[in-house]
Structure formats: C-alpha cells, structure tokens
Amino acid sequence: MPLRLRQAVAGRPNLVSDNRLDVITVGERGYIVYPSASSVVLLTPELDLAETFQFWSALPHRASTSNPGIVQGVCCSTADGLILAWSDVHVVLWRYLSSKGNAGWTVHSTVVATSCITCLDFVAGTLALGTKNGIELWRMNPQAEVVVWDRLWERSYPAPKSICLSPATGHIAWYKEAQRSVHMLATDRKGQAVGMAQELRHPREISWIGWRRPTPGSTDSHLYTITENSVFRIYSPVLDDPLWFQLLSSLDHKAFARTQHSSSYKGKAAETGFGSIWVWDAQILRQALEEDLERIKQRKQQDASVLKILEALQAEESDVVVWVGPDGTLVIRSIVNIERKPPTLLKTLPLARLKLPGGSPADHWSSQARLLHVPNATPNLFAALAPTGHYPSMAAYAVSLPGVFASKSSGIRPTGHPSSSDETTLVQLETPIDHFVRTPNGRGLLAIAAEGEIGTWYKQQLSLRPGKWHQGPNPLLGKGHWKTKDVPSRAATFAKGRAIVFYTAPPESAPEITLQHLDRDSTSPAPPVVLPHFSPTKGDHVEMLLAGQVDERPDVILLSHYRLPTDTVHPNESPRMILPVDPMGWHQSVIDWTTDTCLQDIVLTISNDGDLEFWTPRIEGNEPWIKTGVVKTHRRNVIAARCSSRKKTALVCELPDGRHEMTIWDSKVSEFSTGLELTYIFEPGEEISDLDWTTTSDLQSVLAVGFAHKVVLVCEQRMSYVEVTPGWAPFLTIDMERYTSLPISDSIWLAGGSLAVGAGNQIYLFSRFLGRDTPTPSPAGSARSVQLDEEEPEDIFQLIAHRNGPLVDYHPVQLGQCLLWDKTDLVKNILLQLDRSLQGCQEEGKKRLRFPRLEPSEFYSRKKVANAAKAVSPPIRLTLVSKLTYLEDDDDFTDRVVSDLIQRLNGPVAMPLTAPEKSFLATVIQATLEAEQQRRSLDICGMRYLISLRMYVNWDRLRKHHFSFRNIVWATHSESHDLLLSASTQTCDNAKMLWEDAKRMGVFLWLKPGEASYRNQLENVARNRFMMDEDRDPTTCSLIFFALGKKKVVHGLWRQAPGHKEQAMMLKFLANDFELDRWKTAAVKNAYALLSKQRYEYAAAFFMLAGQPKDAINICLRHLKDWQLGVALARVIDPHDTPGAGPLLKWILEDTVLPIAFKGGHRWLATWAFWTLGRRDLAVRILISPMSDVAIDFVPEAPLDVGNPDNDDPSLLLMFQHLKTKSLQTAKGTSEVSTKLEFDFVLHNARVFFRMGCHNLALDLLRSWSFDRPFFPTRNKTRSRIASSQIPSTPLSSATTAPIAVSPQSPSRPSLFAAGSGPNAGSYIGQGHKRRPSFMLTSGGRRESLFMDMDVLAESTANSAIPTPTAEKSEPTTVSAQDGGDHHSVKEQGQESVSPSNEAQSAPVKEVSIEPEPQQTDPDPPRKIGNLMKELKQDVQQGAMEFNMDNFF
C-alpha cells in the first residue's frame, strides 16, 4: 500500500548538444526523453515524471567511478525500443522489455568510443558517432541474444555538431558548429565508407538536418536542411549518380507568410524576424491520421473540408512543414510529389493557419521539436518542444489534427497541470540536491544543491481529492532559482519561504550569517544583509539555524545573544550535537510576550555520553537559557538525531561492528520510565541517511527514516495488554527504486502530511493519501474509524489513528480492561448496544456498522444499584425444602442474546475489527456472561482470574501468547480456589491437566498446600501424564508420586508397563523398604548414575525416593529450569498453612525465584514471592516502588541485581489498591510508599492506558483514583502522621479525606464489623458524603478482611520511643480503616472472618479521635496505636459484631 505520488519535479535539461530532446513510443505509452545532470529522464506527454535512468550506474564499476560527468545527449529508436545516451566516451543503451507482469526498462549494452562524443545517431542496429576526432561507425545485430558491437571504421573529420543516418540507403550527413556546409558520406551494404564526403554549401549557418522517411517500398533518400534564416531545403540524389546529391526544392519563411487567406504579411516577416520551421515526421503523422480518420468515421460529425484534407494527406502521403512566426502565428504547408519523377512535379500547398494558444511563446518553438504519437489515446498526437537558453524547461502540447486543419487555436493546447498565477517560475535544478530546509509551518521549501545552486518552492493548500488532481495545479509552486558564490553549510527559511538565512564559512574569509529576501514576482533574492552581533572565534561554527514564522518582510532585531550553559553539566566538554526541536507540530504561539518566555522547547543538545538536554530561551532576564528536561540515554557515538515537536527524539548510533542502531526516546521520564520506546539494530549495509519528523492532526508523531533507495515511515503502536510489543513500528515503505535509480539525498516533511524526497536533482512529492495498488488490510478498530463511517483509511493520518488512536467502545481489549476493573455493567450495556446496532444495520441493509459512541462519563459513573423497588428488601420465596431463594434481577444480558450477538459478529455488517479480534470479542462476550452468572460464587480476585482465563487462554490458542503471571497472583488472593481449579481444568485438552498446563496457569502456585485439593490435583497431573502416552512410561510421573509418598502407586504403575526395558529391575528395586539406610543409599547412587546420563527428572525422582527432597528440587532448579515444579514439590513435602514459607520453599524463593524476578524486572513474580514468604509489606511495596529500593530493604548486605522493571501495567495499581488494606503488614508496606511515588505511578499508568487506546479508562483513572491510606504508625523525626488526614494534596487527589459519617440508622456503638452490604447498602452512607468513587470500586463487591499478621504492640512500642511534638493548634485526628471508601473487618491469624456480600457498597467504620494536648498541661502521653489495636482485638474476642442479615449475601 504505497503513498500516492502527488508531484515530481524533474531536473533541468542539459543544454550541451542539439540532441537534448527525443521521443519514443513503446506499446501504448509515449515518452519524452531528455538528459538532466548525470541521468536520463523520461516524461509522459503530460510532463509527469515517469522514469529516471542513472547513466553511470549502467556502466562497469571502473568506468562509473572515473570522474562521472553530465549526460550530453539522447537519441531514441521507436522501431527497436531503444534509448541511447552518451557522456564523454561512453554510450549506454536501454531497451524496453514487455514481458507479462514484468515490463520495464533494462540496460541493453554499452559502447566506448575512441574520443569524446559530440553527437550520435542510431538506425536499425547501426550507430554513427561524431567525436572530437571525426566520425566512427558501429554496428550490432539487434536480434542477437548476446549483443556485440563492432566498430566498422573511423575517419578523421572536424568535430561534428549533429549527425544523421539515412533510414533507406547508406548515407551519413553531418555539419559542424557555426558552419554553412553539410557533409555527406555514402556507405555500402556492409557499412564501409564509399568515396569521399560531399559538401553541400548553404548561404547561412545550418540549424537542423534530417532525412525524410521514405514510403514503404521506396529506396529514395531525401535530405532536409534548415538554416538560421528559416529556409527549408530538400536535397535528392542525381538521377545518373545516386551517390551525389543536389538541391531539389526550397521553402523560406516568406512562402509561409504569403497565404491566400491574408496579404498583410507581404514583406513584413523579415522585419519582425524569421520565425522557425519544423518538419513533422511523416511516419508519426501517418499513424495519427489513421486513428483520427477511424474515429471521425465512427462519429460521422466533421467538417467536410477538414475531412478532405485528412484523407488527402493519408492518400498522397504528403510531408508536412510547420512555420511558427514571431507573432505566434502557426502556418502549415504540405509538400507533395516528392518521390514522383520528374522532380518538376513537386509542389507545396497551404493547409492551415492559426494562432498559438496563450502563454506559448513563439520563440520557444524550434526545429528541434519532436512529434510524439501515443496509440489509442485521446489526444494521440503531441508536440514536444526542446529547451533553449531562454526557456530551459520542457514544454509539450496536445495536437488535434482535425482542429489544427480547421484553423482552430484549440487544436493545440498545452499539456500538464493548469498553471497557477501564484507561481513565479518553473524551478528545476541542474545539480544534485544536498539537503532540504523548510519553513516552520512546512509551507515553504528550500533546496540547497551542489555548486551553490538554490531553489525555493511554496506548497499551496489544495482541496482536491486524489481522483481530481489532474484537474488542478501542482501543489509545489516555483518561487526562486539562483546560484551563490559560496555553498551555505546551514540555512533557515521563513515568511512563506521568501526570507532565507544562510551561514557560510568560505576558506578565504570570515564566516558570516546573511539574510536575503525574495520579493514577489522575483526569481532571485535581494542583496544579502549581514546579521550583526555575530563574531565567531577560531574553531567556532554554527550547528543550527532555526527560524520563526513571519508573514511579511522581516526586520532584523536581536532578541537573544547568549551561550547555552552546557558547561555546568558537562564541564570542559562541548555538546556533540545541537539540534532544533522540530516546530511542525506547534499549534500555538511560540513566545509569550507578557513574560518574555518561549512556550516551546527550542533547542536540544546531545552530549558525548548521550544525555539529551532540552532548552528554552528567556528573551530577557539574567537567566537566558532554561533547561526544561534531561534524558539519559547512555548512547555514545551518535551520528544522527532529530527531535519532534512532541519532544520525541530519534537517535542513530554506529555500533562497533558498523551496524546502525536507532532508538526513540520520550522526554517524559520518571522513576517508572527511562524514556526508551524503541531500539532497533539494522542489518549490515542498511545505513540511515536521513531522519525527519512530522505531526498528525491529532498530535501523533511520525518519523521518516531515509535509506539509500527507500524511506521507511515509523509511527507509535498501540500497546498490547497480552504481549510485549515495540512502542514504534514501521507502517509504510516508500520504495524509490520504483521511480528512480538515483540514491536519496534527503527527505523532509511538508505541510499537510506531504513528504518531499530528493534524489539527484529531482524532487518527488508524496501526498499523505494511500494508493490502492494493493488491497488494504483491515486495521484494528479505533474511534477514528467510527467518525469516518468505518471506511478504510485513505491517508496515513487515518492509518496512524487506526494503529494508535482510541479504540472503539466495543473493542475486545477495552472491554477486557473494563471487566478487570469491575465495570461489568458497563460492558453489558456496550454489548447490548452493539447487538442492537448490528441488528438495526442488518435490518436496514447497511453494509457498515453504525455504533453510537459512549460519553466518557459513562466509563466513570457509579455502578447502578438495584432499583428503588428492590432496594428495600429482596423478595424471598419459601420453598418446601426450607431454602431462601432470591429472585434474580431482570437482566437483558442472557444466553440467547449472547448467542445472537456472536452470530452477528460474522454477519454481513462490516466492523472495523480483524478476524482474530472478532474471535477475541466473542471470547470476551462469553467471559462476561460467565462472570455475570458466577458473580455470587466468586470473589473479585477469582472473578478477574476467571475472566483472564477465558479471554487470554482462548486468545493464546490463536496467537500463541503466554498466560500472564498477573493472573496467577489474582488467583493467589482468591478464596474460590475450587471454582478456579475447575475452570482451569476445563481449558486443558480433554479436561485432563498435564504439568505443562498447570505450569502455564500456575495452579500449584495459587492452590493452598494445606488443602486436600492440592495433593489430589498434583496426583491427577501425575496420572494424566502417565496415561497420555500409549507406552505407559512410569518414569515420567515417578517424581510427583514419590513426593506425595505414594511409592506403592509407582510400584503398581511399573506392573502396567510390560514393554518397558527397566520394568523387571524397577519392580525388584521398589519392593525394598526405603526407610532403611541401605536402600536410601542405593537410591542415591542410582540418582547420581542417572544424572551422569542426563536423565534429570528420573534422577530427581530417586533423590526424592531416598528422602533427600532438597537434592531433588535442586535438580529441578538447575537442570530442568523449572522452579514451579520445585515449589510444588516443596509445598507437598513441607505444607505450611500459616503466613510464611517452610524451609524448602523459603530456600527456593530467596535463592531462585526472587533473583529471577528482580533481574527480569517482574513485579508480579516478586509480589507473589514476597507474599508467599510472609513479607506482605514488601509484596505491596514491590508493586509500585522502585525495585532497587525494595532489593536493598530485603537484603541490605547483598542486594539483588535489578533489571528493567515492568512498569507498564495498570493492573499493578489494581493489585496495590486491593492489597494495601489486606492486613497490617500490607498497611505497613503502603505507609512506606510515598504519596508522590503513588501519584507518579498513577500518572504513568494513565499514559499506559492512553497508549493501549483506552482513553476513557485513562481519564477515569486520573479522575477517580483515591490516595487514601490505611492507618499505620510510621517513624518520623517530627511527628507520627496518621493515615489519610495528613496526605498532601496532589492534582489527582480530589477525593475528600474526612471520615465517613455514620447514619442515624446504624447502631449506637459503631463497629468495624457493621456490614454495609446488601441491596440497601447505600443507606449507610451519610448525606454529607461527597467522596468521588474510587476507580476500582465503582461498584459494591465482596470486601476482604484485615489480617493481624504482625506484632502491633511491638511495633507501637518501637514507635512510642519517638517523642511526641507539641501540638499547639493541632486538630483531632481520626483513624479509620478504610480504603478509598472500602471498610474492612479485622481478624487474627487462623480466625475465620465474616465477609460482606458481593453487593455491598460501603460500611461504617469505627472512629477513634486522638486529642493531642500540650505536654506542659497534660503529663499523660497521647493514645498510641497499640491502645487502638488492643481495643479492636478485644472487640473481636468479645464478639462485638452487630448482626446484620445482609452480611451473608
């Protein structure tokens, strides 16, 4: 799917020889061919660039590197399909090959002359070369498979200016520069020269010679000549001597001026000029006449006189000569009876007289013009005008023969795009482009070419669709073209490209910065103005010029003249690079003149160590430059860099092996983000030559990476929640070899998403619109596609929005996140609306889905409580079996609706989702239904595991992703392990769980080892492994059975393995008593023997049989690389129900699991390990705190190695919110996390939501996150800060921290155990409660209990040693065990807790006010947290719970 080529600015033609223009027709295509710089350019008749041949690349390597020069001339042969071009002594021929599906031009052959070539001609395999030493004749067989050129002869003559081969007989004609004679030499059939050259003298200098094409069957040769005074002469052979030519007839400009239609031209042509004569090619004219006559006969509508002329020209095979007068009059005459004998029958007849179209200068028409016929086209005849000194560009006109012979001016009209009045001149470059510069808004383009050549263009804004581009002008309008004496090394342009600033450093004079202005209707700028206050010292050089936006002619005013204070950071070191921040994406004023401060970063400096420093200037003040940010990349040897307006920086570094590494960095860095978004190392040979940024309409950055022959466009990618994907990826490649073989010199973005690519002296302007040459893949659904009526993206801005924009509301990724964040009602509403929309579109016959977008407020609104009729008390039905049955609320989300919706996903209505995404959406729909059906049986953690299991295990089968460890952690904190185990088993093949399945889902990491289901499930895994293979190999399951202590089971399994070669030996060996040391030693010896044979699993089984579980587990860790298997075995051998781990498990976690977690930056694995170890405070801290800090606190004497942590996961916040009030240890860990750190982590993951395309969820997170903290005593040198009453305010912390008031309906003595659940839970919230709902708790749900898992008295005793400061005006501090509006009960270890129901919304809490009093008035110390916890503990022991029926539901 390529970009559409909007305009191609071809190079300026070379005016070295008369062979500066030719035409060729291949198939049904016609081309205008001319030399430009070191290339051969092919234009269409509409003057659009079609092909470019690099001359020197077609030659052998030795010739191409020996001082390549410009191409001096071209020659074409339509009959042979060949294009010839020469430079110096080299001639290159290209042939058009028309094979099926692979038509194109290829190098045919090359020729090397003995001296420099001045002109050439080619006819039917014969090549005549005019050189500085004379004439050479070469011949080859055009039909031969292997082309071999033979030089037939060489003669010494003065260097000819033009040479022509006769198409009929063997004659060669040529003339010299500024001479009045034409020389002619005859050749025989073998090509050898015959006799001496004949000289045909003329009274004036020769301007053109050419041979008449004879009619079929004729062998006559006629030579045409035209002199400078516009006299046309015809020479023919003498009757008795065919080798000798004589003058047959002549026709001067007066004969054209004297016509029967007008007598006013008599005697006046000579006074105003001679005009120019142009001979039409008879063969091309004959082909065009045949098509026109056939077309006229079909229409049957044509002037009879015009039809008579056309038929006469075709029947008599007349030659046509055209004269263009100085006043723009075009006169056509025919020459008849040339081949008839005697010669006296020859005569000329007038055919037509008309005026040239407006805007066509008469002096541009010359004898060098060419007639081009394009078969089966309308029009089918074109006139190509050769460039001249006054008109250095190409021009082409469409010729309508019926209109011309009817003397209508409309018969000749210019081709190409309509000209624009705003274009000053057609700007084409002669020399190769060095680099581009654009204006800040991308409207003006400045090209700096070799030898000081400068070209400027203005990109106008056109409102044309791609299908109507040919009807409008070109977007790039030429403004100026000139040459400078010194080639500028730096440049900047502004004021619509009319103001240009150059920095030049000539070797013979001092460097300077000059300002030039290009006035309107002027192609060259005004004299330069040297900018003052610029006095560089020795060794200084300008690194950057950056211009602002000015509309009118600017005044030079010095605003700032300071040095960047980079020496404060990197003393004695200059920056490696100083770059401008790209202004293309600035959509506001750059400078706030009220404060004299720039609103944007202006400059980026890159140090030798790779530090990126952003700077903005102060227009006035003592601090001229302010550093706004630093990004440490640790990249050295930076060779290229660019910074976008959104402060995305691309760096290219050269590695020691020569390869190029490209990295993209974000300027927003924090504890959780280094700024690195992409790292890519290119293959050897792929060298980056250019980088450039642009910004889309929705402020997304796009990077163009230029190589030698391609430009790769890179954009940000939507982040995936399932897998790790690169932050940036290429989405489109511009293959410049489709257009030219020249290497790319530079590429630059212009306004409107257009990309200008410079190759040689040509400019290719690509629009942002996509071509439709290849089918467009259906992109991921986004909200942008809904606004565009779900059409396929038609430009790169829409394509980028599809890839990185906001997702549609019904996208499975967004729905999955809503389910994880307990927004089930919202998901059901979206799915029901999707079902109605699909059904409505299907009934109305619409092909595309019309889905109404949800308002952002729908994503953060409170979960709807049961309606008022059902809120008082749920209806109860008393059945015969004495059970209370609650009637379910009416719900439209039923099995039938789900089935219909899944069927409609693959229906006739098109959706902006790919086939895998539709399958994923169907999985999300089913998971939503299952979660809704089991919401009363599962707690919130189990529900999240079940949802992830349903979504991502099925997704894993499609995409082969791994089940995330985060889901294992959710299952660990669930109390519904039986249901989770059943659901996990169902996902396995044939509902039989193998160890691979258990390992992938972490079953034995979240099952409690003290439960019977743990051992039973482990035994089932072993049995399933034994039964999986037909050979029934007991060695595959012996390890687990031995760990379970079931040696007899293994003995029985060996009896069922009759085909195993070790059966007899194992039956005999297992019959012994392994309680005896003798047989334990024998088992150990067998284990070591199996280790030497690398049978590791079986060796571990023998260690387990010998009673050495640590050695068995060590084999699992070291050789099998399966720490989960080691954990499962350790939990079976040493089950540990209480918080903390047994010795074996502790050894595994501390020595293996935690080092893996920290080195890999796996926060989820680390929090599970700490939770299993009983370090629940660290389990909470590791979720959002820097892992290096936790590593130091865990093992201060030998901290673990820490890798790059996984911070891009919003579920970490979800787990942190869930655990921070889980127990006293988690409360302690939460208190050790600073509020600023939590704020930064919330902000970081809001950006992650944004990168995932879940913009509404990102907004909800920022709006609704609660920074309330559970109460826990913390050490502080000044005072003890208590919970949420002392939380500092943040931009996100808008929720009130006041305690929840107890309504009058609650008991007189409030208790932490008073339930706030049930359908009427909302009645417990006081009228003054204004708390914004928590992001994760927008709905009621089952609440966890607060465990007393640490010695609070010891902790409070330690804290009590801290002196209490004097509180002169301190307010009473309220202690409330709350979590963003969630209130928890307290229990001791091992004591069963009473949990609220799933529908609870909130619960009243016990409030204890501590009145701090001055020490001098009250000798008693204030109440400590220990007293509070004692009171709470007594409440638990005394059963001080207020009974509430709602607690059970």
Side-chain angles (χ1 to χ4, degrees), residues 45 230 232 251-269 272-282 284-297 299-336 347-367 369-373 378-385 395-415:
S230 294
F232 172 71
L251 195 68
D252 62 1
H253 60 276
K254 297 180 181 180
F256 289 92
R258 293 190 301 267
T259 64
Q260 58 184 356
H261 301 287
S262 175
S263 59
S264 61
Y265 285 83
K266 295 181 179 180
K268 295 183 179 180
T272 57
F274 299 110
S276 59
I277 294 179
W278 171 34
V279 181
W280 281 9
D281 191 301
I284 295 177
L285 179 62
R286 193 177 305 121
Q287 295 172 354
L289 282 172
E290 292 177 358
E291 291 187 5
D292 286 343
L293 287 173
E294 184 68 24
R295 193 177 296 113
I296 290 173
K297 291 178 181 179
R299 295 179 181 176
K300 298 181 180 180
Q301 293 180 355
Q302 186 62 47
D303 187 2
S305 59
V306 174
L307 182 60
K308 183 178 178 180
I309 294 175
L310 296 177
E311 292 176 344
L313 288 175
Q314 184 186 25
E316 299 178 2
E317 298 178 350
S318 304
D319 289 16
V320 175
V321 182
V322 177
W323 176 73
V324 179
D327 60 347
T329 302
L330 187 143
V331 181
I332 303 177
R333 297 183 68 91
S334 66
I335 304 176
V336 296
K347 60 181 180 179
T348 64
L349 301 174
L351 296 180
R353 180 187 184 88
L354 64 151
K355 278 286 187 177
L356 290 176
S360 176
D363 53 350
H364 194 181
W365 296 73
S366 67
S367 304
R370 293 290 187 270
L371 204 61
L372 172 63
H373 171 245
T378 304
N380 61 351
L381 194 62
F382 298 89
L385 306 187
Y397 294 85
V399 179
S400 173
L401 292 178
V404 169
F405 292 129
S407 298
K408 296 180 180 179
S409 298
S410 60
I412 298 179
R413 59 177 180 82
T415 63

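Position 1 is the first residue of the sequence, and the numbers go up from there.
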Cationic N near anionic O, under 4.0 Å, K355 to D327: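 Salt bridge present between K355 and D327.
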By ring-ring contact (aromatic ring centres under 6.0 Å, His included) - contacts of F405 (at least two apart): none
So, do [X] and [Y] sit near enough that their side-chain heavy atoms are less than 4.5 Å apart?
| X | Y | answer |
| --- | --- | --- |
| V279 | D319 | no |
| V324 | I277 | no |
| L313 | S334 | yes |
| R353 | L330 | no |
| D292 | P402 | yes |

Taking all heavy atoms of [X] and all of [Y], pick out the closest pair and write down the distance.
| X | Y | value |
| --- | --- | --- |
| A362 | P326 | CB-O, 3.7 Å |
| F256 | V331 | O-CG1, 3.6 Å |
| A288 | N380 | O-ND2, 3.8 Å |
| L372 | P45 | CD2-CG, 3.9 Å |

How are the rings of H253 and F274 set to each other: parallel, tilted or perpendicular (split at 30° and 60°)?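 Because their plane-to-plane angle is over 60°, the rings of H253 and F274 count as perpendicular.
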Return yes if a side-chain donor-acceptor contact under 3.5 Å exists between [X] and [Y], otherwise no.
| X | Y | result |
| --- | --- | --- |
| W365 | S360 | yes |
| R333 | T348 | yes |
| Y397 | T415 | no |

Is there a side chain to side chain contact (heavy atoms under 4.5 Å, CB included) between R295 and T378? Walk through the geometry before answering. CA-CA 10 Å; R295 193 177 296 113; T378 304; 4.3 Å; yes
Within the side chain of W280, is there an N or O that forms a donor-acceptor pair under 3.5 Å with the backbone of V321? no
Strictly distance-based, threshold 3.5 Å: is any side-chain N or O of S230 a donor or acceptor partner for the main-chain N or O of G275?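 Indeed, once roles are kept as given, a pair shorter than 3.5 Å links the two residues.
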Those residues that, when tested against S305, pass side chain to side chain donor-acceptor pair (under 3.5 Å) (two or more places apart): D303
Would V306 and I296 satisfy side chain to side chain contact (heavy atoms under 4.5 Å, CB included), going step by step from the backbone distance to the final call? CA-CA 11 Å; V306 174; I296 290 173; 5.8 Å; no
